[in-house]
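Below is one structure, written out as structure tokens; the observations come after it.
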Amino acid sequence: MVYTEENDRELKRLKKLSEFDLNYGQLQEQFKGLVQLAAHVADTDISLVNLIGNHSQWTVSAYGAKLFEMPREDSICQYTIQGDAPMEIPSLDTDERFMDKPYTQGDEGFRYYLGIPLKVDAGVNIGALCVIDKEEKQISGEKKRLLGLIADEIVNKLEQTIKLDNLQESLNRVQVQRNQLAHDIRGPVGGILGLAKSTETAMPEPEEFKMYMEMIKASAAKVLDLTDDILESWKDRADGQFLTLAQFKKQLEELYTLPALNKQIDLQVIVNPSEAKHSFPRRKLLPITGNLIGNAIKFTPSKGKVLVELDISSRNDQQFLKIGVKDTGTGIPKEKLQQLGRTQLPEDYGTKGEKGYGMGLQLVIDLVNSLQGTLNLDAVEGQGTTVTVTIPIEVK
């Protein structure tokens with residue numbers, strides 16, 4: 001594949017999407033009111049917020065439809081994000097790009113589509129707000145302008161999410177200092193409380209002194225309660241930035257079980273039971289693992305298997321998250337392995353003709369490098385591929 005500016009733009013777009021570090025299964029409520037408003041403005045049956053990844057289109061919020069995932073090559077919004085203006089298709093069933101798709105067939109098939117690109121501050125389109133109807137329609141320019149404002153608000157909410165995540169990372173660093181301060185306070189105050197208790201029983205004291213000691217005990221106990229509150233409140237704030245292996249397993253299963261089932265692939269996610277409850281920073285882990293699983297599903301034929309293994313290990317006083325993705329797919333030829341780490345990765349097609357965009361592994365490599373991790377790939381052409389990612393972490 002000849003390297004082009006288009007490839008560079010697509011890699012930049014995928015990197016930006018990965019920076020949001022979104023859990024696609026948890027955005028429905030965040031945009032519920034906006035998608036309902038969009039359908040009301042357009043007077044359509046359905047309104048969707050779709051994000052376009054390397055392999056898939058993820059519907060992260062919907063009105064009039066269920067959340068779903070579809071192969072990127074089957075989506076309409078993949079064309080919307082290629083431009084900056086709204087894309088309107090009055091008759092989907094006569095458009096040669098979509099006339100043979102299942103969603104345009106029969107009396108219940110969709111006829112009308114209008115998509116608004118979701119452009120973030122980096123100048124790239126990560127998805128689209130779209131309205132869809134079973135009847136051909138005409139939407140006025142004023143309504144299209146209002147839909148554009150709704151799309152802008154969706155982008156604002158997404159960008160606020162990443163700003164809050166970055167702020168939380170800064171707060172987490174401050175948390176370490178505050179926790180140390182709290183622990184430093186607990187030591188001497190605990191000593192005072194212990195001294196008060198021992199003095200209370202070790203020797204007889206005048207009534208006034210006993211009352212004084214009671215006040216010391218009460219004050220010390222309050223300070224201990226205060227330090228506990230500090231520690232607990234900061235723990236609660238930081239918890240949203242962390243995952244356990246068990247929670248990570250659940251997220252991956254929720255997102256990728258259906259795409260695997262659609263291709264009759266046995267997807268298994270396994271965690272080390274002894275490490276299942278240990279938590280670690282979640283930043284960038286879902287884009288990394290999701291792209292690896294997406295690649296594995298794409299290049300594994302029906303009736304094949306994809307195994308994901310999650311574990312935490314220690315080496316030289318450092319703890320590591322280990323992510324292994326193994327498939328029984330077509331494997332990667334040697335000449336393509338030699339191109340890993342370059343941006344000129346080859347476009348390819350999956351075992352059912354799924355279009356590849358040549359960016360999945362490159363994106364994973366860049367993300368892993370940004371976390372000071374390592375990626376090892378072992379592939380046998382015609383037998384399968386195993387990718388192992390190791391990332392240094394702090395375990396809570």
Under 6.0 Å from the [atom1] atom of [X], do we count more than 12 heavy atoms belonging to anything else shown?
{"X": "Q318", "atom1": "CD", "result": "yes"}
{"X": "E142", "atom1": "CD", "result": "yes"}
{"X": "K101", "atom1": "NZ", "result": "yes"}
{"X": "K305", "atom1": "NZ", "result": "no"}
{"X": "K250", "atom1": "NZ", "result": "no"}

field: For Y79, ring-ring contact (aromatic ring centres under 6.0 Å, His included) partners two or more places apart
entry: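 If we apply the ring-ring contact (aromatic ring centres under 6.0 Å, His included) test to Y79, skipping adjacent residues, the hits are F98.
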- prompt: Quick one: ring-ring contact (aromatic ring centres under 6.0 Å, His included) partners of F248, sequence neighbours excluded?
  reply: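 If we apply the ring-ring contact (aromatic ring centres under 6.0 Å, His included) test to F248, skipping adjacent residues, there are no hits.
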task: Please step through side chain to side chain contact (heavy atoms under 4.5 Å, CB included) for the pair N50 and V60, ending with a clear verdict.
output: CA-CA 6 Å; N50 293 326; V60 298; over 6 Å; no
Side-chain donor/acceptor of [X] to backbone N/O of [Y], under 3.5 Å:
{"X": "K277", "Y": "A246", "value": "no"}
{"X": "Q264", "Y": "S302", "value": "no"}
{"X": "Q78", "Y": "E73", "value": "yes"}
{"X": "D133", "Y": "D45", "value": "yes"}

Which distance, rounded to the nearest 0.5 Å, do you find between the [atom1] of [X] and the [atom2] of [Y]?
{"X": "I265", "Y": "D327", "atom1": "CD1", "atom2": "CG", "answer": "8.5 Å"}
{"X": "D311", "Y": "I270", "atom1": "CG", "atom2": "CD1", "answer": "11.0 Å"}
{"X": "K249", "Y": "Q268", "atom1": "NZ", "atom2": "CD", "answer": "8.5 Å"}
{"X": "E153", "Y": "L149", "atom1": "CD", "atom2": "CG", "answer": "9.5 Å"}
{"X": "S75", "Y": "E69", "atom1": "OG", "atom2": "CD", "answer": "10.5 Å"}
{"X": "Q251", "Y": "L286", "atom1": "CD", "atom2": "CG", "answer": "5.5 Å"}

Write down the atom of [X], the atom of [Y], and the distance for their closest heavy-atom approach.
{"X": "G53", "Y": "R72", "result": "O-NH1, 3.0 Å"}
{"X": "P392", "Y": "G373", "result": "CD-CA, 4.0 Å"}
{"X": "L67", "Y": "T59", "result": "CD2-O, 3.5 Å"}
{"X": "P287", "Y": "L367", "result": "CB-CD1, 3.8 Å"}
{"X": "A296", "Y": "V325", "result": "CB-CG1, 4.0 Å"}
{"X": "Q28", "Y": "A62", "result": "OE1-N, 2.8 Å"}

Output side-chain donor-acceptor pairs under 3.5 Å for residues 108-127, partner residues at least two apart or in another chain, one line each.
unit_1 : atom_1 : unit_2 : atom_2 : d
E108   : OE1    : K134   : NZ     : 2.8
R111   : NE     : D93    : OD2    : 3.4
R111   : NH1    : T104   : O      : 3.0
R111   : NH1    : G109   : O      : 3.3
R111   : NH2    : G106   : O      : 2.7
Y112   : OH     : E88    : OE2    : 2.5
Y113   : OH     : T80    : OG1    : 2.7
K119   : NZ     : D84    : OD1    : 2.8
K119   : NZ     : D84    : OD2    : 3.3
N125   : ND2    : I81    : O      : 3.0
N125   : ND2    : G83    : O      : 2.9

Hydrophobic cluster identity match, [X] and [Y], side-chain contacts under 4.5 Å:
{"X": "I52", "Y": "V49", "answer": "no"}
{"X": "I150", "Y": "L48", "answer": "no"}
{"X": "Y256", "Y": "L51", "answer": "yes"}
{"X": "L310", "Y": "L255", "answer": "yes"}
{"X": "L146", "Y": "I132", "answer": "no"}

task: Could you tell me which residues satisfy side-chain hydrogen bond (donor to acceptor under 3.5 Å, both in side chains) with Y103, sequence neighbours excluded, listed by chain and number?
output: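 Here no residue qualifies.
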Could you tell me whether the side chain of [Y] reaches within less than 4.5 Å of the side chain of [X], counting heavy atoms only?
{"X": "P281", "Y": "F242", "result": "yes"}
{"X": "I312", "Y": "F280", "result": "yes"}
{"X": "T386", "Y": "L307", "result": "no"}

- prompt: Going through the checks in order, is the side chain to side chain contact (heavy atoms under 4.5 Å, CB included) test met by V389 and L292?
  reply: CA-CA 10 Å; V389 171; L292 292 178; 3.9 Å; yes
message: Considering only residues two or more places apart or on different chains, which pairs with a residue in residues 118-158 satisfy ring-ring contact (aromatic ring centres under 6.0 Å, His included)?
response: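 Output for this query is empty, none listed.
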query: Of K284, R283, K15, E19, which is the lone residue that meets side-chain hydrogen bond (donor to acceptor under 3.5 Å, both in side chains) with S370?
result: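 One option only clears the test, and that one is K284.
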- prompt: Pick one: which of D366, L371, I365, V364 meets side chain to side chain contact (heavy atoms under 4.5 Å, CB included) with V368?
  reply: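 It is V364; the other options fail the test.
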Contacts table for residues 31-44: side-chain donor-acceptor under 3.5 angstrom, sequence neighbours left out:
unit_1 : atom_1 : unit_2 : atom_2 : d
T44    : OG1    : I46    : O      : 3.2

field: Residues T300, T330; criterion side chain to side chain contact (heavy atoms under 4.5 Å, CB included); working and verdict
entry: CA-CA 6 Å; T300 299; T330 56; over 6 Å; no
Stepwise side chain to side chain contact (heavy atoms under 4.5 Å, CB included) check, I76 with C130: CA-CA 9 Å; I76 308 172; C130 69; over 6 Å; no
